[in-house]
Protein chains: 2
Amino acid sequence: MAYQSESLIAQAREIREASGVSQRALSERAGLTQSHISQIEGGRLEPGLSSFIDMTRALDLELMLVPKKLVPAVLGLVKAQATPDMHIHAGQPNDKRFARAERLVKKMKHLYGSSADLDRIDDTLRFLRRVNLSDQEMQLVRELIARLERYQASEQAAPIVRDIAQNLQRLRNSIAHAAPSEPRSAYSLDGGDADA
Amino acid sequence: MAYQSESLIAQAREIREASGVSQRALSERAGLTQSHISQIEGGRLEPGLSSFIDMTRALDLELMLVPKKLVPAVLGLVKAQATPDMHIHAGQPNDKRFARAERLVKKMKHLYGSSADLDRIDDTLRFLRRVNLSDQEMQLVRELIARLERYQASEQAAPIVRDIAQNLQRLRNSIAHAAPSEPRSAYSLDGGDADA
DNA sequence: CGTTCCGATACAGGATACTGCATCGTTCGG
DNA sequence: CCGAACGATGCAGTATCCTGTATCGGAACG
């Protein structure tokens, strides 16, 4: 349940961790208990609106109401602040993007032979294309596609391709099966290129 | 109480009223009850995060997490765009249908306990709601929902529920693993017109 | 008038958030 | 090896949400 709030909560958690604030420290600042926060972050509990506000305010964040139309713009703003080198083409309709990506995968299959990972990407893209993605989700997809494009011919493409496949699949799972108790949440919304 | 959320709730209310949406209409779209919404708006109740998200999403709004630093910027953006003729797609009979169905399932879970089949239905509905369904597909969904409604309290509900779950899942799978030969990219996913 | 839609209000019952502990396994620094 | 801090988990008890249903007074329209 509570699939709607997953992404907000995941964001809050990421930011908490990135700021090096422990659950206990946050609990004091926000006036909640540590056990409460742990359960919220773990998805075992759906916070009340005011609890969540307390929590995010203590992280120097504000919850804002934004018309859907403006979500990409706001996302751009926020992201620009977080990662200066990221740069968004706000233009293209999503359909085109997918078509392009699918063509790319096809080409790669052709050139390097089809691998399980490429198949997975292919499959997942075809699925995601039909879904009404939130702007946030679309943003993630966009990044992944861009990464694929960038590294398609690279020497170490393999682990990158695998990573992309994994990320896409995670997104798909989160949508297809609005999971109540998914063990791991947190698709990295920002640049985490830690692994690979 | 709940002084933190006051402003968000007030905003939501203003936008609802400005869009000419009644509490009852909103309650259907959001999957909440009218009485619930009234209490939230009146400040006599503090909504859960997910309730509030349901509510705002039904108003074409997104709840976003923004660094405090950027709040003025976002505020500017939103304000600048605040168009007088902000119209909501009041139509979407499909959305209504799904909201209704989801509530029905919730109620059934409540009454008879959640079964694997009900969970499956719940899950699948949440998925299908997000997808752009063809008329034919929507037709199928409509029938299944109607059937569920009809037999919800029947003695032999169990096998019927199972059958419905299976049918829905089959539909979902057929969408999730769309054949590559499907050229149907031709959905105009907006119908969106009537904007500036 | 009578109908219809509106928002506010009430109330019972069940679900669940939330507190305030206490504890566990792990990780990290000394 | 020890102790500290971390996050996860358990649990009893209370507060509150949320549904479902129903009613009410008011405004709008015929």
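Values reported hereafter were calculated over all heavy atoms of this structure, with side chains retained and with hydrogens, waters and symmetry mates removed. Residue numbers start from 1 in every chain, and the chains themselves are labelled A, B, ... in the order their sequence lines are given, proteins ahead of strands.
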For this session: Find the distance A:Ile37:CD1 to C:dG20:P and express it as a whole number of Å.
Result: 13 Å
Exercise. Given side chains that start at C-beta, do those of B:Val66 and A:Leu63 come closer than 4.5 Å, heavy atoms only?
Worked result: no
For this session: Would you mind reading off the bend of the helix from C:dC1-D:dG30 to C:dG30-D:dC1 from its two end axes, five pairs each, to 10 degrees?
Result: 40°
Problem set entry | Between D:dC18 (C1') and B:Phe52 (CZ): distance, integer Å | 16 Å
Exercise. Does any non-hydrogen side-chain atom of B:Gln11 lie less than 4.5 Å from one of B:Arg16?
Worked result: no
Seminar exercise, completed: Taken to the nearest whole Å, NE2/B:His36 to P/D:dT19 is 5 Å
Seminar exercise, completed: Tightest non-hydrogen contact, residues A:Pro47 and A:Ile40, listed as CB-CD1, 3.7 Å
Problem set entry | Distance, rounded to the nearest Å, where B:Gln39 contributes CD and C:dC11 contributes C1' | 10 Å
Exercise. In whole Å, what is the span from the CD atom of A:Glu41 to the P atom of D:dA8?
Worked result: 7 Å
For this session: Could you pick out which residue, B:Ser51 or A:Ser35, lies toward the 5' side of DNA chain D when each is mapped onto its nearest nucleotide?
Result: A:Ser35
Problem set entry | Between C:dC6 (C1') and B:Arg13 (CZ): distance, integer Å | 12 Å
Exercise. Does any donor atom in the side chain of A:Gln34 or A:Glu28 lie under 3.5 Å from an acceptor atom in the other side chain?
Worked result: no
For this session: Within residues 19-34 of chain A, find the residues that approach DNA chain C with a heavy atom at under 4.0 Å, and present them sorted by residue number.
Result: A:Arg24, A:Gly31, A:Leu32, A:Thr33
Problem set entry | d(CD1, A:Ile53; C1', C:dA17) in whole Å | 16 Å
Exercise. How far apart are the closest heavy atoms of A:Leu70 and B:Val78, and which atoms are they?
Worked result: CD1-CA, 3.7 Å
Exercise. Would you say the side-chain atoms of A:Ser5 and A:Glu46 include a donor-acceptor pair closer than 3.5 Å?
Worked result: yes
For this session: Give the rounded distance in Å between these two atoms: CG of A:Leu49 and C1' of C:dC18.
Result: 15 Å
Exercise. Shortest non-hydrogen contact from B:Leu32 to B:Ser51?
Worked result: CD1-O, 3.8 Å
Problem set entry | Any donor-acceptor N/O pair, A:Arg29 side chain to A:Arg57 backbone, under 3.5 Å | no
Exercise. Between B:Arg16 and C:dG7, does any side-chain N or O lie under 4.0 Å from OP1 or OP2?
Worked result: yes
Exercise. Within the side chain of A:Arg44, is there an N or O that forms a donor-acceptor pair under 3.5 Å with the backbone of A:Ser38?
Worked result: yes
